[in-house]
There are 2 protein chains.
Amino acid sequence: MEQRLSLITVGVKNLTKMREYYEKVFLWRPVSENENIVFYQLNGFMLSFYPEHLLAKEVHENDTRTGFKPFSLAINYTSTAEVDDIFSLLKQRGVVVLKEPEDVFWGGYSGYVSDPENNLWEICYNPFMNFDKNMNVVGQEAL
Amino acid sequence: MEQRLSLITVGVKNLTKMREYYEKVFLWRPVSENENIVFYQLNGFMLSFYPEHLLAKEVHENDTRTGFKPFSLAINYTSTAEVDDIFSLLKQRGVVVLKEPEDVFWGGYSGYVSDPENNLWEICYNPFMNFDKNMNVVGQEAL
């Protein structure tokens, strides 16, 4: 299977509140939607929110077995100053801060916020990650 | 915050087993790695596996509050035949099938497999999703 991905679906408890947050705090705009799902176009793939009980049903699984896994999403910027700037903006919009941006042991600089359902977003500067002019990730130096 | 994402980190219980699976079943190749983390270059971003207790520690959170959320990852193909083909290949490699590919109510065709820690992968054909020549997702018809 190729190393690519088309869609990340995050199971949510309250679709309305999640949409409100992503559209008012992150200022995202949906590309398509209905009463049960919303899709946001990201860089080369979609992120969708879908009620968690429907996600469980979709895979013929019960709620307890269906991938209740920890994960985080990260958006990278090209300098620590940019991380600080976006962090300030998000705080002005009332975001929940889990960790203020700080130098991290592996040589980067990052902070964490959480959305209304405690999904983790890292706002990050990683000097070892390479980007193209559209800010797609095109590589990373060996660890 | 722009509608883009640089990194998805999946918290794992057993990094060795997870790597073995993704590299032997999915045939993925890491772009960088150490004893605690592995990065795979996907289409314009990275997917990484990281021990879940370290992920929790990273955000100064305890294990119970840190985003144990349901989510799924999906890879899309451009026909039902391609979905069937990749599904057959994965089954030959001993993948756990949660759901054989089938027509779904919204007009697509998909099946689900799970990795060793029950993370969900949907193998999907969605006639309403648009791709560029590199199979990056470039749009989706309105629902």
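Only a predicted model underlies this, so the values are computations on that prediction, with no experimental measurement involved. Per chain, numbering begins at 1; letters A, B, ... match sequence-line order.
- Comparing A/S48, A/G44, A/P30 by heavy-atom pairs within less than 4.5 Å of chain B, the highest count is held by A/G44.
- Expressed to the nearest 0.5 Å, how far CD of B/Q41 lies from CG of A/N130 amounts to 9.0 Å.
- The backbone N or O of A/F45 lies less than 3.5 Å from no partner atom in the side chain of B/N43, so there is not a single donor-acceptor pair.
- In this structure, no portion of A/Y22 lies under 4.5 Å from any heavy atom of chain B.
- The CG atom of A/N136 sits 12.0 Å away from atom CG of B/L42, with the distance rounded to the nearest 0.5 Å.
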